[in-house]
Amino acid sequence: MDKLNAFLERAEALIARLEPLLPPAIPSPDWTAPAFRWRRQGLATWLEPVYTPHGMRLSDLLHVDTQKESLVRNTRHFLKGRPANNVLLTGSRGTGKSSLVKALLSEFADKGLRLIEVDKVHLADLPQIVDCLAGRPERFILFCDDLSFEEGEDGYKALKSALDGGIAPRASNLLIYATSNRRHLLSERVSENRDGRSLDGEIHPGEAIEEKVSLSDRFGLWLSFYPFDQDAYLAAAASWLGSFGLPFDGPAERAALQWARMRGSRSGRVAWQFACDWAGRTVKERKL
């Protein structure tokens, strides 16, 4: 009996040590959630619901009207079951690329739109995600934020297949919206450009460049974002301060310009960060 008790105690101690290493019990997706994150732990994968996603509104985003119009039109087509494109949003940091995608939920969640955030390290799971969503009546946007690939990373191969489809057709209830600071998503080397050749006066890129361009080329809609000029930056700062119920008066404008100089850039993100700092100050601090 003593040996049995000793064995059971050792077994319990071993289980206690192993439990933190085991994957969690996989819950069924709660399809009532407006957004999800794709999670992986060991061999286990699941959709984690996000019940209160970032409450950005399309009207909050200024000086990206052309990009906003194109993205909203494409998303409306998708929700109505019409042909629509996967979208690549590229350009300067902090200019509203990610915010624009997130803001689509506030506009279209009640029309069946759902957002799934997927990290680039999990892009190899795209076939599993597609299978998980098969047959669902909702319309899903798979969101890859700040997407880029370095040498040796091959997640882009799964992404290429998902964008154009392999033998199976592309999922009808899923689009991919990706943001990146790189137009071609993969790093490019000077040596690769030397592999190009001239034929009848035309420049033909080398095979390495062709491979890298082929990924971004599979996105049907490209939206480019550019740095803010001073007027656009100040307008964004005024708008964000207004959301806090504060006026954009002389002291606020001077502080906003100083904030941008300190950060070395002007963008919607910098304007938001200034507004948070200014709104957090006391009345006395704002007069300094």
Side-chain angles (χ1 to χ4, degrees), residues 23-24 26-27 29 31 33-50 53-54 71 74-75 78 84-91 93 97-102 104-105 113-136 138-189 208-223 225:
I26 306 304
W31 300 111
F36 302 87
R37 295 188 189 94
W38 182 254
R39 294 298 196 189
R40 168 176 284 280
Q41 183 173 333
L43 298 177
T45 57
W46 68 97
L47 282 172
E48 177 185 74
V50 178
H54 194 182
L71 191 66
N74 189 72
T75 305
F78 176 54
N85 282 303
N86 298 300
V87 184
L88 178 61
L89 303 88
T90 65
R93 65 187 188 278
K97 302 184 295 295
S98 303
S99 296
L100 193 54
V101 176
K102 296 172 187 175
L104 292 172
L105 269 183
L113 183 67
R114 299 293 182 265
L115 196 66
I116 301 176
E117 186 176 37
V118 179
D119 192 273
K120 74 168 186 176
V121 299
H122 298 149
L123 286 176
D125 296 334
L126 281 175
Q128 291 177 251
I129 298 174
V130 172
D131 290 343
C132 184
L133 305 180
R136 294 297 311 173
E138 301 88 356
R139 295 275 166 161
F140 298 91
I141 289 176
L142 193 149
F143 176 42
C144 298
D145 193 21
D146 197 19
L147 184 63
S148 64
F149 298 99
E150 303 297 337
E151 293 294 337
E153 294 181 327
D154 56 2
Y156 72 92
K157 295 180 180 178
L159 180 57
K160 285 175 69 173
S161 179
L163 288 169
D164 266 357
I167 296 177
R170 198 175 77 178
S172 62
N173 65 343
L174 175 68
L175 285 181
I176 297 173
Y177 286 8
T179 70
S180 180
N181 295 329
R182 293 175 176 173
R183 169 60 65 87
H184 294 149
L185 301 178
L186 288 92
S187 59
E188 298 181 20
R189 299 180 181 277
I209 293 297
E210 286 280 11
E211 170 69 12
K212 294 181 176 183
V213 172
S214 70
L215 175 57
S216 58
D217 200 47
R218 295 190 181 209
F219 287 89
L221 179 61
W222 286 4
L223 300 178
F225 292 71

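Computation of the quantities below employed the complete heavy-atom set of this structure, encompassing side-chain atoms and omitting hydrogens, waters and symmetry-equivalent molecules.
- In this view, F140 and W31 satisfy the ring-ring contact (aromatic ring centres under 6.0 Å, His included) rule, not counting sequence neighbours.
- Separating the CG atom in L142 from the CG atom in L126 is a distance of 6.0 Å, to the nearest 0.5 Å.
- With sequence neighbours excluded, the residues forming a salt bridge (charged side-chain N to carboxylate O under 4.0 Å, His left out) with D125 are R40, listed by chain and number.
- Contact between F143 and T179 at its shortest, heavy atoms only, is CE1-CG2, 3.9 Å.
- The side-chain heavy atoms of L115 and L104, taken from C-beta on, include no pair separated by under 4.5 Å.
- Rounding to the nearest 0.5 Å gives a distance of 10.5 Å between OG of S98 and NE2 of H54.
- Between I129 and V118 there is a side-chain heavy-atom pair separated by less than 4.5 Å.
- In this structure T75 satisfies the side chain to side chain donor-acceptor pair (under 3.5 Å) test together with Y177, sequence neighbours excluded.
- Minimum interatomic distance between F78 and S172 (heavy atoms only, all atoms of both residues): CE1-O, 3.6 Å.
- Of the inter-residue distances, the one linking L105 atom CG with I141 atom CD1 reads 7.5 Å to the nearest 0.5 angstrom.
- For R139, there are no salt bridge (charged side-chain N to carboxylate O under 4.0 Å, His left out) partners, not counting sequence neighbours.
- Here the OG atom belonging to S99 is positioned 9.0 Å from the CG atom belonging to D145, to the nearest 0.5 angstrom.
- To the nearest 0.5 Å, atoms CD (E48) and CD (E117) are separated by 10.0 Å.
- N85 pairs by the side-chain contact (heavy atoms from CB on, under 4.5 Å) definition with N74, L221, not counting sequence neighbours.
- N86 places a side-chain N or O within donor-acceptor distance of the main-chain N or O of I176, the cut-off being under 3.5 Å.
- To the nearest 0.5 Å, atom CZ of residue R37 and atom CD1 of residue I116 are 13.0 Å apart.
- Legend: residues meeting salt bridge (charged side-chain N to carboxylate O under 4.0 Å, His left out) with E138, ordered by chain and number and at least two apart, are R136.
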Derivation of the side chain to side chain contact (heavy atoms under 4.5 Å, CB included) call for N173 and L133: CA-CA 8 Å; N173 65 343; L133 305 180; 4.1 Å; yes
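- Side-chain atoms of S180 never come within 3.5 Å of backbone atoms of T90 as a donor-acceptor pair (strictly under, hydrogens ignored).
- Looking at residues two or more places apart in sequence or on another chain, you find no side-chain contact (heavy atoms from CB on, under 4.5 Å) involving P127.
- Of all the heavy atoms in P49 and F36, the pair that sits closest is CA-CD2, 3.7 Å.
- In this structure, the side chains of F225 and L100 come closer than 4.5 Å at one or more pairs of heavy atoms.
- Between V50 and P34, the shortest heavy-atom distance links the atoms O-CD, 3.5 Å.
- For D146, the side-chain contact (heavy atoms from CB on, under 4.5 Å) partners two or more places apart in sequence, or in a different chain, are N181.
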